[in-house]
Asker: 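Structure below; questions to follow.
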Amino acid sequence: MSLISLVEVRKDFGIRTLFENLTLHVGERERLGLIGPNGAGKSTLLKLLAGLEPPGAGQRRVQPQARIVLVSQEPEMDPQRTVLEQVFAGSGEKMELLGRYTALSDALAQAHADGRDDTALLAELSSLNARMDQSQAWGLEQQIREVLQRLGIGDTQRRVGDLSGGYRKRLALAAALVADPDVLLLDEPTNHLDADCIQWLQGYLQRFRGALVLITHDRYVLDQVTDRIVEVDRGEARSYGGNYATYLGRKAEQEESAAASEAKLKGVLRRELELEWLRRGPKARSTKQKARIQRIEALQEIPKRQLKGQVSLASNQRRLGKRAIEAEGLQVWASDAAQAAGAPALLREFSYDFSPEDRVGIIGPNGAGKSTLLDLIAGRRQPHGGRIELGSTVKLAYFDQHSHQLLDGTDAAGRERKLIDVVKEAASAIELEGSSLSASQLLERFLFPPAQQHQPVSKLSGGERRRLHLCRLLMEAPNVLLLDEPTNDLDVQTLTVLEDFLEDFRGCVVVVSHDRYFLDRTVDRLFCFEGGRLERFEGNYSAYLERASGAKGVAATPPETPAAAVTAAPAATGKPRRRSFKESRELSTLEQQLPQWEARRQELEQGLAAGGSDYAALELLSQELSALLLRIEQGEERWLELSELPG
């Protein structure tokens with residue numbers, strides 16, 4: 001039985017049509033994974049399923065009383081609520097049942113005091129008790145606290161308005177999980193989560209009793225959680241039974257079949273096109289002949305559709321000498337003030353020589369200092385101690401989390417820039433795979449079809465902007481790549497393209513990522529932040545996870561039960577440590593600084609959104625925003641840590 005159905009739905013935004021005659025059914029306990037290029041309409045499809053976007057044509061059918069919850073990428077919240085109040089408010093039926101139970105209890109007490117008949121109230125209370133038992137509503141607050149803790153949020157009294165976007169996303173996710181709806185719609189839930197949180201979420205979704213529709217770039221989550229993959233592209237939704245691994249196998253078979261069909265098709269087209277009647281004038285063509293021409297045109301279109309999304313990359317790199325990056329005795333604090341206050345260092349005494357062909361992954365919890373390390377290598381920050389030097393032949397490209405915002409939608413004259421204009425500004429042609437490719441060909445290789453290349457940059461989604469920015473960076477022929485959470489907002493197809501590129505890349509790669517699949521494919525050495533030190537591990541993420549879990553004979557994918565990979569917390573001994581005088585002063589300072597930092601963040605984001613033609617000024621804004629976001633995240637983590645200590 002279908003809980004939600006979209007039947008022959010059409011959805012467009014002005015001149016752009018996302019869906020045409022799209023039909024999709026979500027059945028009970030089904031686990032759907034939505035994949036497709038950025039801008040294909042995956043998030044819009046979730047909103048259509050949730051009833052938040054009306055279809056332009058067609059129907060949306062919903063099973064009566066079906067409870068549906070959507071966690072979008074930018075959830076709306078009341079900034080005046082506390083963390084606990086916000087999750088309570090989003091807990092759906094459980095919160096309603098608790099509220100009704102309180103009201104009934106009060107009414108029953110009043111009826112008893114007045115000497116009135118309470119038979120009807122007792123019957124309703126008995127029925128309500130059974131519903132609360134079934135939905136496990138009695139322990140709602142405890143459930144909320146446990147889920148929040150698993151998602152990395154310890155302080156439940158913090159005001160929502162003081163939290164960063166990443167923390168608000170976690171709150172919305174917590175409320176949705178606690179609500180336990182019939183249909184759970186998740187849009188990139190693993191963004192802003194570290195590896196341990198992602199593993200816990202994966203296990204939770206495996207045990208989830210309702211239907212699930214999931215958009216995520218985390219292919220291990222797709223593989224472990226879903227039982228059907230729906231590929232959304234060019235207005236169509238193609239369904240593949242099975243998980244992500246099954247989908248890959250089916251796609252490989254289709255591509256082999258398509259290659260054989262294309263060879264056969266070329267023979268058919270050649271014979272048809274050689275016919276004399278096709279070369280005659282219009283007056284010699286009958287209706288039957290015109291139908292034949294249309295058939296040929298349809299045949300000619302088949303290879304284009306079959307080969308869409310096929311991308312291969314090779315790099316026209318600069319030569320990299322024997323010396324890439326040398327780090328010696330690096331020490332860095334979150335800020336000069338943190339160092340002066342005696343706060344723990346983010347990084348202590350780190351020394352390592354990155355070789356020209358290193359593939360290094362940097363892992364660790366949020367706020368540990370991973371992005372800070374990349375900023376040090378890129379020269380955006382200076383260490384508080386030690387030194388870092390780049391080789392004389394290094395051509396560095398830094399794909400951070402914010403630079404795509406610098407893709408200005410207008411040129412110096414105020415005219416709207418098109419995608420192809422952006423590429424032409426970077427390079428009019430570049431040597432790839434031994435041949436010179438035009439700007440149009442380069443865009444097509446990065447999954448921007450010819451029809452989209454003359455669209456304004458301002459119409460791109462956030463993921464499409466990141467993809468275009470990545471294209472620009474790689475065209476500059478770097479030999480050292482710094483990638484900071486490269487999988488965020490990129491679709492699965494683009495990630496596959498990037499992974500294939502990195503396999504052939506002849507240079508040094510340093511990656512900060514929580515994406516386990518991406519790390520497994522791209523790195524052969526890890527550095528893990530542990531208490532301000534970077535611990536070295538030889539191998540990819542799965543090998544690291546196997547060692548961390550202590551399992552023997554584990555396959556080269558993360559285990560289905562994520563709890564096995566989480567190190568148990570040490571048992572408490574004695575009384576909890578009290579907050580020192582210096583720590584109390586630090587907490588007081590943070591309480592004053594965090595609202596100021598959030599206000600500055602809003603100013604910077606507004607400045608970037610306003611754009612302008614001064615690229616240098618925008619670059620400075622972006623760098624300041626990147627540093628500020630890290631400062632806010634680290635400040636919040638430190639505030640939560642200090643606030644949990646007794647004063």
Asker: Does Glu503 CD have over 12 foreign heavy atoms under 6.0 Å away?
Answerer: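 It does: Glu503 CD has more than 12 such atoms within range.
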Asker: Hey, mind stepping through Arg219 and Phe518 against side chain to side chain contact (heavy atoms under 4.5 Å, CB included) and telling me if it holds?
Answerer: CA-CA 9 Å; Arg219 286 151 290 178; Phe518 187 82; 4.0 Å; yes
Asker: Kindly determine whether Asp182 and Arg67 satisfy salt bridge (Lys or Arg N to Asp or Glu O under 4.0 Å), including the steps that lead there.
Answerer: CA-CA 5 Å; Asp182 298 309; Arg67 294 173 295 119; 3.6 Å; yes
Asker: With side-chain contact (heavy atoms from CB on, under 4.5 Å) as the test, pick out the partner of Pro181 among Leu185, Leu184, Leu177.
Answerer: Leu184
Asker: Among His25, Gln59, Arg60, whose side-chain contact (heavy atoms from CB on, under 4.5 Å) with Ser5 holds?
Answerer: His25
Asker: First locate atom CD1 of Ile35, then atom NE2 of His217, and finally report the distance between them rounded to the nearest 0.5 Å.
Answerer: 14.0 Å
Asker: Can the ring centroids of Phe505 and Phe501 be said to lie less than 6.0 angstrom from one another?
Answerer: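 Phe505 vs Phe501: aromatic centres under 6.0 Å.
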Asker: If we only count heavy atoms from C-beta on, is the Arg145 to Leu84 side-chain gap below 4.5 Å?
Answerer: yes
Asker: For Thr522 versus Glu499, what's the shortest heavy-atom pair and its separation?
Answerer: CG2-CG, 4.0 Å
Asker: Indicate whether any N or O donor in one side chain lies under 3.5 Å from an N or O acceptor in the other, for Gln224 and Tyr244.
Answerer: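 There is no such pair (donor and acceptor under 3.5 Å, judged by atom type) between the side chains of Gln224 and Tyr244.
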Asker: Can you find a heavy atom in the side chain of Tyr240 that is under 4.5 Å from one in the side chain of Arg250?
Answerer: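 Yes - at least one pair of side-chain heavy atoms lies under 4.5 Å apart.
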Asker: If every non-hydrogen atom of Val232 is compared with every non-hydrogen atom of Leu34, which pair is closest and at what distance?
Answerer: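 For Val232 versus Leu34, the nearest heavy atoms are CG2-CD2, 4.4 Å.
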Asker: Tell me, with the steps shown, if Phe399 and Arg466 meet side chain to side chain contact (heavy atoms under 4.5 Å, CB included).
Answerer: CA-CA 9 Å; Phe399 186 58; Arg466 276 177 65 81; 3.4 Å; yes
Asker: Salt bridge between Arg168 and Glu74, side-chain N to carboxylate O under 4.0 Å?
Answerer: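 Salt bridge flag = no for Glu74 with Arg168.
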Asker: How long is the gap from CD on Glu30 to CG on Leu3, to the nearest 0.5 Å?
Answerer: 9.0 Å
Asker: Under a 3.5 Å threshold, yes or no: a donor from one side chain and an acceptor from the other, between Asp515 and Tyr220?
Answerer: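 Per modelled atom types, Asp515 and Tyr220 side chains form no pair under 3.5 Å.
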Asker: Between Ala172 and Val71, which heavy-atom pair has the shortest distance, and what is it?
Answerer: O-CG2, 3.8 Å
Asker: In the structure I gave you, are the side-chain heavy atoms of Leu205 and Leu186 within less than 4.5 Å of one another anywhere?
Answerer: yes
Asker: Might you work through the side chain to side chain contact (heavy atoms under 4.5 Å, CB included) test for Phe448 and Leu460, ending with a clear yes or no?
Answerer: CA-CA 11 Å; Phe448 292 109; Leu460 295 180; 4.3 Å; yes
Asker: Could you grab the distance from atom CG of Leu22 to atom CG of Leu6, nearest 0.5 Å is fine?
Answerer: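 Result: 6.5 Å between the selected atoms.
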Asker: Indicate yes or no: at least one non-hydrogen side-chain atom of Cys197 is less than 4.5 angstrom from one of Gln199.
Answerer: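 The answer is no; the side chains never approach within 4.5 Å.
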Asker: At their closest point, which heavy atom of Gln86 faces which heavy atom of Met77, and how far apart are they?
Answerer: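 Heavy atoms only, the tightest pair is OE1-CB, 3.6 Å.
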Asker: Should Arg238 and Ile229 count as side-chain neighbours, where that means a heavy-atom distance under 4.5 Å?
Answerer: no
Asker: Can Leu419 and Glu464 be said to form a side chain to side chain contact (heavy atoms under 4.5 Å, CB included), step by step?
Answerer: CA-CA 10 Å; Leu419 274 66; Glu464 288 173 314; over 6 Å; no
Asker: Closest heavy-atom contact between Ala176 and Val69?
Answerer: CB-CG1, 3.6 Å
Asker: Answer yes if the side chains of Asp187 and Ser43 hold a donor-acceptor pair under 3.5 Å, and no otherwise.
Answerer: yes
Asker: Could you measure the distance from the CG atom of Leu470 to the CG atom of Leu490? Nearest 0.5 Å is fine.
Answerer: 6.5 Å
Asker: Looking only at side chains, do Arg516 and Gln202 share a donor and an acceptor under 3.5 Å apart?
Answerer: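 Yes - a donor-acceptor pair under 3.5 Å links their side chains.
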Asker: Does a side-chain heavy-atom distance below 4.5 Å link Leu173 with Leu193?
Answerer: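 Of all side-chain heavy-atom pairs linking Leu193 with Leu173, at least one is under 4.5 Å.
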Asker: Any donor-acceptor pair under 3.5 Å linking the side-chain atoms of Asn243 with those of Asp223?
Answerer: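 Result is yes, a qualifying pair exists.
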Asker: If you look only at distance, which donor and acceptor atoms sit under 3.5 Å apart when one is on a side chain in residues 45-52 and the other is two or more places apart or in another chain?
Answerer:
none

Asker: Does the side chain of Thr496 reach to within under 4.5 Å of the side chain of Leu498, using non-hydrogen atoms?
Answerer: no
Asker: Of the options Asn191, Thr190, Thr216, which is the one that meets Ile198 in a side-chain contact (heavy atoms from CB on, under 4.5 Å)?
Answerer: Thr190
Asker: For residues Ser2 and Arg61, is any side-chain donor paired with an opposing acceptor at under 3.5 Å?
Answerer: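 Side chains of Ser2 and Arg61: no pair found under 3.5 Å.
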Asker: Distance only, no hydrogens: is a donor on one side chain within 3.5 Å (strictly under) of an acceptor on the other, for Glu28 and Gln63?
Answerer: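 Gln63 and Glu28 do not have a side-chain donor-acceptor pair below 3.5 Å.
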Asker: Any side-chain heavy atom of Leu18 sitting closer than 4.5 Å to one from Asp12?
Answerer: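 Heavy-atom side-chain distance check fails, nothing below 4.5 Å.
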Asker: Let me confirm one number: the CG-OH distance from Leu151 to Tyr167, rounded to the nearest 0.5 Å.
Answerer: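 It is 11.0 Å, given to the nearest 0.5 Å.
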Asker: Just verifying a value: how many Å separate Arg31 CZ and Asp227 CG, rounded to the nearest 0.5 Å?
Answerer: 7.0 Å
Asker: How about Asn21 and Glu8: does a side-chain donor come under 3.5 Å of a side-chain acceptor?
Answerer: no
Asker: Got a sec, which residues hit salt bridge (Lys or Arg N to Asp or Glu O under 4.0 Å) with Glu53, two or more places apart in sequence or on another chain?
Answerer: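 If we apply the salt bridge (Lys or Arg N to Asp or Glu O under 4.0 Å) test to Glu53, skipping adjacent residues, the hits are Lys11.
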Asker: To check you understand the geometry: which heavy-atom pair defines the closest contact between Glu188 and Lys169, and what is its length?
Answerer: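 That closest heavy-atom pairing would be O-NZ, 2.8 Å.
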Asker: Taking the side chain from Arg472 and the backbone from Leu468, do they hold a donor-acceptor pair closer than 3.5 Å?
Answerer: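 Answer holds: no.
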